[in-house]
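For reference, positions follow the sequence shown, starting with 1.
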Amino acid sequence: MLLLFVLTIGKQADERSTIVARIQVMISQLEADISREEKETDAVHDRLRIRNERIDTERAKLETTKSNITSLEEQLALVLQQRSSLRDQLDRLLAREKEIPKEDVPAPIPIPNVQRRQYLTGFNFEGDYVVFMIEASGGMMAESIDQAMAMLTLPDEEKRQSIKWRRVVRSVQWIIANLRPTQVYQILVFNQDATALIPEREHEWFKPGDRETTIEVLRRLAELTPKGGANHERAFSTVREIFPSVDGIMLLTDGLPTLSDSIPSGSVTTDSDRERFMRAALRVVPRQTPVNTILYPMTGDPAATFLYWQLADVSKGALITPAPSWPDI
């Protein structure tokens, strides 16, 4: 009996040790689970805290935006009120302006004889960009070669005061005065060379209503002295180079060219040479650009009228030989 008792007691002790060991393992697992759950809980708390902080930030921004909107609404109401007040003041000023007697504002270039403003009715003044090509050769001082040769020895001031050249200057003045307010213009002067009348402003377009510019243009023309030969080919090439947007050309000349860039000339320039020079010039005229020519008198140039008429026909422009009394300004 004692032996059985001892064996039973020993077996129960082994079972208790096993149970205790299992319980300790379960306790360790429970503690690990609790620790993991605590970490996850802390992470959730952190995310919740960050989200709450963002919500608080957005709420603060929303409140600021609402405050700004309220301020802007108040400013808008004030602006509308001021606008209404300004409109009332403008209406009162306009009403007063109607009561003030108006004075005529002089045009940049006055034309005394208004009945003859549209004398050159055949000219095509269409297009927004117009270039004046003004021949300033020695021949533009007289109506014959002999007279022009005789004037070469005169002082420059007397050359500039020649009747024919003064007529050219008045013609430019007349045409500028007849341009539409929406049109703009430039001026190229040429003899053996070709340059803009105002070189430092060659990339600008002048408005006919600009008084200061018009005065400057007329002053530069008045200071210009006719001299040398006439190279129409170079003049048309220069127009294409520095005025590519030209819509119309106004050519003021008195005959066929005496020089050419593409055709060599001998010691004596014949009528046949001048015709060939002119045909070379026609080949470099800007395409689809009307050329209106004012042909001033010059004796001994029989082919000039036909070739300039041909230029007008091909370019859809016009050719006019005006009366001696034009322009009467």
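- Separating the CD atom in Q173 from the CG atom in N178 is a distance of 11.0 Å, to the nearest 0.5 Å.
- Using a 4.5 Å cut-off on side-chain heavy atoms (C-beta onward), E58 and L62 make no contact.
- One finds no salt bridge joining K227 and D156 here, because no Lys/Arg side-chain nitrogen approaches an Asp/Glu carboxylate oxygen to under 4.0 Å.
- Nearest approach of L319 to T305, heavy atoms of both residues: CD2-O, 3.5 Å.
- By the 4.0 Å N-to-carboxylate-O rule, R47 lies too far from E40 to be salt-bridged with it.
- Proximity of a side-chain donor or acceptor of D247 to a complementary backbone N or O of V130 within less than 3.5 Å is not detected.
- Taking the charged nitrogens against the carboxylate oxygens, E223 and R219 do have a contact shorter than 4.0 Å, which makes a salt bridge.
- Here E63 does not pair with R59 in a salt bridge; the nearest charged N to carboxylate O distance is not below 4.0 Å.
- Classification of the H232-Y308 ring pair by plane angle, with boundaries at 30° and 60°, yields tilted.
- A salt bridge is defined here as a Lys NZ or Arg NE, NH1 or NH2 lying under 4.0 Å from an Asp or Glu carboxylate O, and R276 with D273 meets this definition.
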Can you list the steps and then say if W205 with Y185 is a ring-ring contact (aromatic ring centres under 6.0 Å, His included)? CA-CA 5 Å; W205 288 96; Y185 69 95; 8.7 Å; no
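- N191 and N231 share no side-chain donor-acceptor pair at under 3.5 Å.
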